[in-house]
Amino acid sequence: MSEALILEFTGVGEAEYAAVNKQLGIDMETGQGDWPSGLLSHAAGQADDGTFMVSEVWASRADQEAFMAARLGAALAKVRWVTLLAYSQPGV
């Protein structure tokens, strides 16, 4: 059964989105590039409140997890780092 995924980001805009896609080898203007196996659809945009939203449908959750582990995580790491002001693990 297919799986839907919605990602929400604050402080992210078109420039950061384009930079990640460049790292992934995907041209969103032409739709050409190295699309991940199992990705059935992808849409992205900015909500009225400025939140950057990505909505995807995957053939399986395992396909998305494999993409995150093998490619997307690394592409995100190359594009933007965040200095934490706070960090906690409640209950740990």
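Note that the coordinates shown come from a computational prediction; the quantities given were computed from them, not determined experimentally.
Other residues, nucleotides and ligands contribute over 12 non-hydrogen atoms within 6.0 Å of the CG atom of Asp49. Counting non-hydrogen atoms of neighbouring residues, nucleotides and ligands closer than 6.0 angstrom, the CD atom of Glu14 reaches no more than 12 such neighbours.
Transitive grouping of hydrophobic side chains (ILVMFWY, heavy atoms separated by less than 4.5 Å) brings Val12 and Met68 into a common cluster. Cluster membership for Phe67 and Leu40, using ILVMFWY side-chain heavy atoms within less than 4.5 angstrom, is not shared.
The side-chain heavy atoms of His42 and Trp35, taken from C-beta on, include a pair separated by under 4.5 Å. Contact annotation: the side chain of Phe9 never approaches that of Met53 to less than 4.5 Å [non-hydrogen atoms, C-beta and beyond].
The shortest non-hydrogen separation linking Asp63 to Gly38 is OD2-CA, 3.4 Å. Summarising the geometry of Pro36 relative to Ile26, their closest heavy-atom pair is CD-CD1, 4.3 Å, with the distance given to 0.1 Å. Ser37 and Trp58 get closest at one heavy-atom pair: O-CZ3, 3.6 Å. Of all non-hydrogen atoms in Val57 and Ser2, the two that sit nearest each other are CG1-CB, 4.1 Å.
Note: Asn21 CG to Asp27 CG = 8.5 Å, rounded to the nearest 0.5 Å.
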Next on the checklist: Using the rule given for side-chain contact (heavy atoms from CB on, under 4.5 Å), can you reason through Glu56 versus Leu39, listing the C-alpha separation, both sets of side-chain angles and the distance that settles it, and then say yes or no?
Outcome noted: CA-CA 7 Å; Glu56 297 177 333; Leu39 180 63; 3.9 Å; yes
Checklist entry - Would Val54 and Leu5 satisfy side-chain contact (heavy atoms from CB on, under 4.5 Å), going step by step from the backbone distance to the final call? => result CA-CA 8 Å; Val54 176; Leu5 175 70; over 6 Å; no
Next on the checklist: Glu16 vs Phe52, test: side-chain contact (heavy atoms from CB on, under 4.5 Å). Steps then yes/no.
Outcome noted: CA-CA 10 Å; Glu16 292 83 7; Phe52 196 83; over 6 Å; no
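Arg71 and Asp34 are joined by a salt bridge, as a carboxylate oxygen and a charged side-chain nitrogen come within less than 4.0 angstrom of each other.
Judged by distance alone, with hydrogens and angles left aside, the side-chain atoms of Arg61 form no donor-acceptor pair with the main-chain N or O of Glu3 at under 3.5 Å.
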